[in-house]
Student: 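Could you have a look at this structure, given as structure tokens, before my questions?
Each ligand, and each atom within it, is numbered from 1 in the order the structure gives. Residue numbers start at 1 and run along the sequence shown. What you see below is based on every heavy atom in this structure, not just the backbone, and it leaves out hydrogens, waters and symmetry mates. Just so it is clear, the structure is predicted and the values come from calculations on it, not from any experiment.
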Amino acid sequence: MKKKFYITTPIYYPNDIPHVGHAYTTIVGDVIARWHKLKGEDVFYLTGTDEHGKKIETAAKKKAKNPKEFVDELIPEFKNAWKKLNIDYNRFIRTTEKDHKKVVLEILQKVFEKGDIYLGEYEGLYCTGCEAYYTKRDLIDGCCPIHKTKAEKLKEESYFFKLSKYKNKLLKLYMDNSNFILPKFRAKEIINRLEDLQDLSISRTSFNWGIKLPFNKKHISYVWFDALLNYLTGIGYLKDDKKFSKFWPADLHIVAKDIMWFHVVIWPAMLMSAGIKLPKSVFVHGYWTFNKEKISKSRGKVISVDELISITGNVDSVRYFLLRETPFGQDGDFSEKALIERHNNELADKLGNLVSRVAGLIERFGVKKINNKLLKKLNLKKIEKLFDNYEFDKVLNEIFAFIDICNEYVQNKKLWETGDEKNLYELKESILKIAELLSPFIPESSEKIIKQFSAKKIKKSEILFKKI
Ligand code: MSP
């Protein structure tokens with residue numbers, strides 16, 4: 001039987017169009033999904049949108065629309081953006097879908113019957129941008145550390161999830177399974193914060209847009225309790241048992257550091273309470289800035305997916321840049337200059353040059369099969385290991401070091417003079433391997449290269465990466 005791999009992105013708030021930050025997570029997810037497909041695994045890649053809650057309700061009100069109408073208009077923005085970026089997902093889940101509502105109601109009921117939900121009163125400082133309460137200590141001058149807006153004082157009757165009850169189980173989870181939180185250095189911060197773990201308020205009465213609690217219709221489910229469950233709905237929980245039991249537990253949730261807490265504390269505790277197996281890993285990546293400034297509509301610069309692609313006019317450059325520029329897990333800075341430099345110096349001058357030179361030489365001289373010594377210089381084992389360790393920048397480095405070797409080979413052997421068909425055969429096979437390895441990162445260009453170099457008559461073709 002084929003090995004399975006279930007990978008997810010966060011479901012994004014459709015209160016605005018997606019930007020480079022959302023694109024980054026979704027591209028990384030796609031690269032990992034494509035890599036596992038390349039290994040012959042049965043992959044399910046889930047992404048989507050988080051459509052309930054006060055944040056969406058407020059954004060809709062501002063546009064004088066009802067929330068559903070408002071999000072319906074934004075969903076195509078997400079789907080089109082992912083299409084343009086060549087994201088090959090299996091499902092785009094929306095939390096306003098019927099099957100998801102059913103899942104949320106069932107889990108709420110289950111956790112309630114287990115005795116893990118009780119009625120209490122909540123008074124706290126709330127940030128609508130985060131859809132989360134803060135303690136005074138977390139705020140900076142009374143303002144949210146992320147959105148810099150004043151936190152509102154809210155007091156409401158609320159149901160609570162007995163999160164604190166799971167403290168020791170959570171600690172044990174991190175101890176027993178050192179891959180649960182990746183990169184590993186992130187775990188320490190969580191373990192510290194677990195010290196004074198409080199129960200979690202999971203219902204609201206101050207607004208309407210959301211799923212009503214099955215045991216008290218006056219209360220709306222907290223948007224995070226609803227949203228996290230998308231990972232179950234997405235692969236058919238309560239709907240398609242075969243699919244669900246095949247793909248659950250998730251192999252990898254990808255999130256950024258802003259929502260780590262929800263995924264490594266609240267989410268596993270919810271699953272423990274509901275008696276459902278836990279995901280295997282949550283990978284927490286860093287945050288991108290744009291020209292060293294925060295990416296935010298209110299406080300800085302936002303770069304849309306269309307703008308992103310238009311800088312080089314090439315989607316693959318964007319995908320390549322985002323994975324090459326910063327180690328996965330660290331913060332990064334996006335700038336047009338850095339993108340153009342990598343496009344020119346690496347994609348055009350190294351990869352593009354190799355492909356076009358060798359194609360031209362093969363067109364002139366042809367190839368003759370021999371034992372390939374050149375290809376042996378490619379360290380496949382190392383690349384696989386780096387990939388499985390999520391060190392994508394190093395994977396690309398390794399592949400590009402081999403591209404350098406191939407370019408030098410053409411140069412040193414003076415192939416334009418010798419026309420050595422055996423050497424050209426070595427290069428042809430090497431280029432095919434390079435294209436295969438690069439296909440998760442730059443699928444469109446890789447496909448072109450593979451098509452060109454597996455043809456009966458190899459010919460020079462149009463330039464892959466036009467220099468800027
Ligand atoms: N709706 C919640 C997630 C629910 S998941 C069950 C949410 N949505 S969001 O629209 O705010 O998206 C947050 C995610 O978008 C981050 O975790 C990250 O994946 C991505 N990013 C948003 N801005 C980003 C950067 N500036 N840099 C890197 N990733 C960023 O939170």
Side-chain angles (χ1 to χ4, degrees), residues 7-30 32 46-56 59 71 74-75 77-78 81-82 85 87 92-96 100 103-104 107 127-132 144 146-147 186 210 221-234 250 252-268 270-271 279 282-305 308 321-323 325-335:
I7 173 170
T8 69
T9 70
I11 46 170
Y12 308 109
Y13 292 125
N15 61 330
D16 204 343
I17 62 169
H19 61 61
V20 56
H22 309 118
Y24 176 63
T25 315
T26 315
I27 290 170
V28 177
D30 188 59
I32 301 173
L46 181 73
T47 189
T49 41
D50 185 357
E51 306 190 355
H52 291 131
K54 197 171 173 202
K55 189 188 187 96
I56 299 293
V71 291
L74 274 155
I75 301 313
E77 297 282 350
F78 282 81
W82 301 159
L85 289 170
I87 308 297
F92 186 104
I93 187 170
R94 303 181 53 182
T95 53
T96 47
H100 180 65
V103 170
V104 176
I107 299 286
C127 170
T128 307
C130 297
E131 292 284 14
C144 162
I146 294 165
H147 293 89
R186 298 265 180 206
S221 164
Y222 174 41
V223 63
W224 272 100
F225 201 96
D226 160 352
L228 286 161
L229 292 168
N230 91 86
Y231 302 131
L232 299 182
T233 315
L252 185 64
H253 293 310
I254 313 174
V255 301
K257 58 188 185 182
D258 56 339
I259 56 174
M260 163 163 73
W261 177 260
F262 301 93
H263 284 83
V264 306
V265 176
I266 298 174
W267 177 226
M270 282 168 63
L271 290 167
V282 178
F283 194 105
V284 183
H285 68 70
Y287 242 58
W288 285 87
T289 48
F290 181 76
N291 290 332
K292 302 271 154 82
E293 272 184 64
K294 195 175 138 61
I295 299 171
S296 128
K297 203 168 180 192
S298 49
R299 300 198 26 96
K301 168 88 183 156
V302 175
I303 178 160
S304 73
V305 168
L308 201 57
F321 175 82
L322 290 173
L323 276 104
E325 180 72 0
T326 324
F328 190 45
Q330 308 284 317
D331 292 338
D333 182 55
F334 183 89
S335 75

Student: Report the nearest protein non-hydrogen atom to atom 16 (C) of ligand 1: residue, atom name, distance rounded to 0.1 Å.
Tutor: Asp258 OD1, 3.4 Å
Student: Nearest heavy atom to atom 18 (C) of ligand 1: which of Gly48, Ala227, Ala256 does it belong to?
Tutor: Ala256
Student: Decide whether an N or O pair under 3.5 Å exists between Leu228 and ligand 1.
Tutor: no
Student: Are Phe334 and His19 close enough that their ring centres sit under 6.0 Å apart?
Tutor: no
Student: Quick one: pull up CD1 in Ile107 and CG in Leu232 and give me the separation to the nearest 0.5 Å.
Tutor: 5.5 Å
Student: So which protein heavy atom does atom 12 (O) of ligand 1 come closest to, and at what separation?
Tutor: Tyr12 CD2, 3.5 Å
Student: If the contact criterion is a heavy-atom separation under 4.0 Å, does Tyr231 count as touching ligand 1?
Tutor: yes
Student: If you define the side chain from C-beta out and look only at heavy atoms, does anything of Phe290 sit under 4.5 Å from Val302?
Tutor: no
Student: Does any non-hydrogen side-chain atom of His22 lie less than 4.5 Å from one of Trp82?
Tutor: yes
Student: Among all protein heavy atoms in this structure, tell me which lies nearest to atom 28 (C) of ligand 1, with the distance rounded to 0.1 Å.
Tutor: Gly286 O, 3.5 Å
Student: Would you check if the distance from the ring center of His285 to the ring center of Tyr24 is below 6.0 Å?
Tutor: yes
Student: For ligand 1, find out whether one of its N or O atoms is nearer than 3.5 Å to an N or O atom of His263.
Tutor: no
Student: When you measure from atom 31 (O) of ligand 1 to every protein heavy atom, which one gives the shortest distance, and what is it?
Tutor: Ile259 CG2, 3.5 Å
Student: Does this structure show an ion pair linking Lys55 with Asp50, if we count only N-O contacts that are shorter than 4.0 Å?
Tutor: no
Student: Could you tell me, atom by atom, which parts of ligand 1 come under 4.0 Å of a heavy atom of Asn230?
Tutor: 6 (C)
Student: Return the minimal non-hydrogen interatomic distance between His100 and Asn230, and the atom names on each side.
Tutor: CE1-N, 3.4 Å
Student: What's the shortest distance from atom 26 (N) of ligand 1 to any protein heavy atom, and which residue and atom give it?
Tutor: Trp288 O, 3.1 Å
Student: When rounded to the nearest 0.5 angstrom, what distance separates CD1 in Ile7 from CG in Leu252?
Tutor: 4.5 Å
Student: Say whether Lys257 and ligand 1 are in contact under the criterion: heavy-atom distance to a ligand atom below 4.0 Å.
Tutor: no
Student: Going by heavy atoms, is Gly332 under 4.0 Å from ligand 1?
Tutor: no
Student: Output yes when the distance from some N or O of ligand 1 to some N or O of Tyr13 is under 3.5 Å, and no in every other case.
Tutor: yes
Student: Side chains of Ile254 and Ile32, heavy atoms from C-beta outward: is any pair under 4.5 Å?
Tutor: yes
Student: Between Trp224 and ligand 1, find which residue part has any heavy-atom pair under 4.0 Å and reply side chain, backbone, both or neither.
Tutor: side chain
Student: What residue and heavy atom of the protein are closest to atom 20 (C) of ligand 1, and at what distance?
Tutor: Thr25 OG1, 3.6 Å
Student: Side chain to side chain contact (heavy atoms under 4.5 Å, CB included) for Leu228 and His263? Distances and angles first, verdict last.
Tutor: CA-CA 8 Å; Leu228 286 161; His263 284 83; 3.7 Å; yes
Student: Quick one: nearest non-hydrogen protein atom to atom 3 (C) of ligand 1, plus distance?
Tutor: Ile11 O, 3.2 Å
Student: Any side-chain heavy-atom pair from Trp267 and Val282 closer than 4.5 angstrom?
Tutor: no
Student: Examine ligand 1 and decide if any of its atoms is less than 4.0 Å from a heavy atom belonging to His285.
Tutor: yes
Student: Give me the residue, atom name and distance of the protein heavy atom closest to atom 15 (O) of ligand 1.
Tutor: His22 CD2, 3.4 Å
Student: Taking both backbone and side-chain atoms of Pro10, is any N or O found less than 3.5 Å from an N or O belonging to ligand 1?
Tutor: no
Student: Looking only at non-hydrogen atoms, find the nearest pair between Ile11 and Ala227 and report the distance.
Tutor: CD1-O, 3.7 Å
Student: What atoms in ligand 1 come closer than 4.0 Å to a heavy atom of Asp50?
Tutor: 1 (N), 2 (C), 4 (C)
